[in-house]
**Student:** 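One structure follows; several queries about it will come next.
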Amino acid sequence: GYNSGIKVFIFLFITKEKPTYCIIFLNNLYLYREFECKKMRFDELDLEDAVLDGLYDMNFDETTPVQELTIPVILEGKDIIACAQTGTGKTAAFAIPIIEQLLADPTSQQKGAPRKIRALILTPTRELAIQIDESLADYTRYTTLRHTVIFGGVKQKSQTDELRAGTDILTATPGRLLDLMSQGFI
């Protein structure tokens with residue numbers, strides 16, 4: 001069988017009504033728990049000042065439930081799967097830990113070294129890819145990280161130019177990603 005190396009799966013089902021449900025799969029043991037989220041501030045998460053500044057510019061002071069429950073887990077290096085309604089802050093829930101992990105990696109700070117893709121965000125539609133990239137622009141505004149978005153339905157030249165210039169975070173739709181990989185751009 002396939003062994004992914006993941007020993008813990010945490011599934012969060014987050015609704016606007018309470019309670020929130022959590023199912024944890026650990027070595028074939030299933031744990032179920034209901035819990036309520038408290039209001040957590042972003043500055044309680046020990047995030048880089050540059051990331052906090054970007055969040056504050058967006059008037060993000062407190063986390064949403066999906067952010068409160070996932071960001072600390074991801075920052076600890078654990079795998080997580082979360083389900084939440086539209087508009088609950090899922091993009092920040094996965095993007096902020098990606099940014100934090102890249103900032104903690106000294107290769108992101110080496111001057112003169114060509115940037116290589118260190119994080120891939122794969123999304124099914126170009127609209128969502130664009131939306132995620134716009135959020136990344138806000139979250140990384142005060143960092144040295146570069147982000148790029150690629151999607152089909154448009155000419156690829158501007159996208160390949162950005163890839164050549166180097167990027168830390170790539171947001172992509174599957175078709176354009178496969179296409180540019182087959183052409184050797186990625």
Side-chain angles (χ1 to χ4, degrees), residues 4-6 42 45-58 60 63-64 66-82 84 86-186:
S4 68
I6 298 174
F42 279 105
L45 292 170
D46 196 32
L47 302 175
E48 293 285 332
D49 287 341
V51 175
L52 286 172
D53 289 343
L55 294 171
Y56 294 152
D57 279 359
M58 300 170 64
F60 286 5
T63 61
T64 65
V66 71
Q67 295 161 354
E68 176 184 335
L69 296 170
T70 59
I71 292 173
V73 173
I74 299 168
L75 288 175
E76 290 177 9
K78 296 179 182 163
D79 299 293
I80 192 162
I81 298 172
T86 299
T88 56
K90 294 182 297 294
T91 300
F94 70 78
I96 291 169
I98 289 171
I99 294 164
E100 285 289 317
Q101 290 173 354
L102 294 180
L103 289 172
D105 182 352
T107 61
S108 69
Q109 307 302 321
Q110 291 178 355
K111 295 185 183 202
R115 291 179 189 255
K116 297 189 178 191
I117 299 166
R118 298 188 297 137
L120 171 65
I121 301 169
L122 194 60
T123 182
T125 67
R126 80 170 138 190
E127 294 80 13
L128 186 55
I130 292 167
Q131 178 185 340
I132 290 169
D133 191 64
E134 288 171 351
S135 294
L136 287 170
D138 290 329
Y139 307 149
T140 62
R141 175 176 297 146
Y142 299 108
T143 73
T144 59
L145 295 175
R146 291 183 48 110
H147 55 91
T148 302
V149 60
I150 61 171
F151 49 86
V154 297
K155 293 186 179 188
Q156 70 182 36
K157 181 162 178 6
S158 63
Q159 295 174 3
T160 58
D161 287 347
E162 284 196 46
L163 289 170
R164 276 192 204 102
T167 191
D168 296 295
I169 305 169
L170 177 63
T171 304
T173 57
R176 182 54 58 102
L177 177 65
L178 291 171
D179 185 30
L180 295 183
M181 287 174 68
S182 71
Q183 295 179 50
F185 290 107
I186 298 173

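Computation of the quantities below employed the complete heavy-atom set of this structure, encompassing side-chain atoms and omitting hydrogens, waters and symmetry-equivalent molecules. The structure displayed is predicted, hence computed values, not measured ones.
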**Student:** Indicate the atoms forming the closest heavy-atom contact of Pro72 with Glu68, along with that distance.
**Tutor:** CD-O, 3.2 Å
**Student:** Quick one about Gln101 and Asp105 (side-chain donor to acceptor, distance below 3.5 Å, no hydrogens or angles considered), yes or no?
**Tutor:** no
**Student:** So, does Gln159 use its side chain to make a donor-acceptor pair with the main chain of Phe151 at under 3.5 Å?
**Tutor:** yes
**Student:** Of the non-hydrogen atoms in Pro124 and Pro174, which two are nearest, and what is the gap between them?
**Tutor:** CA-CD, 4.4 Å
**Student:** Working to the nearest 0.5 angstrom, can you tell me the gap between Leu52 CG and Ile96 CD1?
**Tutor:** 8.5 Å
**Student:** Taking all non-hydrogen atoms of both residues into account, name the closest pair between Ile71 and Ala92 and its distance.
**Tutor:** CD1-O, 4.1 Å
**Student:** Would Leu180 and Thr160 count as a side-chain contact (heavy atoms from CB on, under 4.5 Å) here? Give the steps.
**Tutor:** CA-CA 8 Å; Leu180 295 183; Thr160 58; 3.7 Å; yes
**Student:** I'd like to know if the side chain of Thr171 reaches the main chain of Asp133, judged simply by a donor and an acceptor atom lying under 3.5 Å from each other, with no hydrogens or angles considered.
**Tutor:** no
**Student:** Apply side-chain contact (heavy atoms from CB on, under 4.5 Å) to the pair Leu102 and Thr143, showing each step before the final yes or no.
**Tutor:** CA-CA 10 Å; Leu102 294 180; Thr143 73; over 6 Å; no
**Student:** In Å and rounded to the nearest 0.5 Å, what is the CG to CZ distance from Leu136 to Arg146?
**Tutor:** 13.0 Å
**Student:** So do Tyr142 and Asp57 actually touch side chain to side chain, heavy atoms under 4.5 Å?
**Tutor:** yes
**Student:** Nearest 0.5 Å please: distance from the CZ atom of Arg118 over to the CD1 atom of Ile169.
**Tutor:** 8.5 Å
**Student:** Please round to the nearest 0.5 Å and tell me the distance separating atom CD1 of Ile150 and atom CG of Leu177.
**Tutor:** 5.0 Å
**Student:** Using modelled atom types only, decide if a donor and an acceptor are shared between the side chain of Thr167 and the backbone of Thr148 within a distance under 3.5 Å.
**Tutor:** yes
**Student:** For the residue pair Pro97 and Leu75, what are the closest heavy atoms and their distance?
**Tutor:** CA-CD2, 3.8 Å
**Student:** Would you say Leu170 and Leu163 make side-chain contact, with heavy atoms under 4.5 Å?
**Tutor:** yes
**Student:** For the side chain of Gln67 and the backbone of Gly89, is there at least one donor-acceptor N/O pair under 3.5 Å apart?
**Tutor:** yes
**Student:** In the structure I gave you, are the side-chain heavy atoms of Ile121 and Ile98 within less than 4.5 Å of one another anywhere?
**Tutor:** yes
**Student:** Could you walk me through whether Val51 and Glu100 satisfy the side-chain contact (heavy atoms from CB on, under 4.5 Å) test, starting with their C-alpha distance in whole Å, then the side-chain angles of each, then the deciding distance to 0.1 Å, before giving a yes or no?
**Tutor:** CA-CA 8 Å; Val51 175; Glu100 285 289 317; 3.4 Å; yes
**Student:** Mind checking the CG-OH spacing from Leu145 to Tyr139? Nearest 0.5 Å is all I need.
**Tutor:** 14.5 Å
**Student:** Roughly how far, to the nearest 0.5 Å, is the CZ atom of Phe94 from the CD1 atom of Ile74?
**Tutor:** 9.0 Å
**Student:** State, to 0.1 Å, how close Asp161 and Arg164 come at their nearest heavy-atom pair, and which atoms those are.
**Tutor:** OD1-NH1, 3.1 Å
**Student:** Quick check against the 3.5 Å criterion: does Arg176 have a side-chain atom that pairs as donor or acceptor with the backbone of Arg126?
**Tutor:** no
**Student:** Any idea which heavy atoms bring Thr173 and Ala129 closest together, and the distance?
**Tutor:** CG2-CB, 4.2 Å
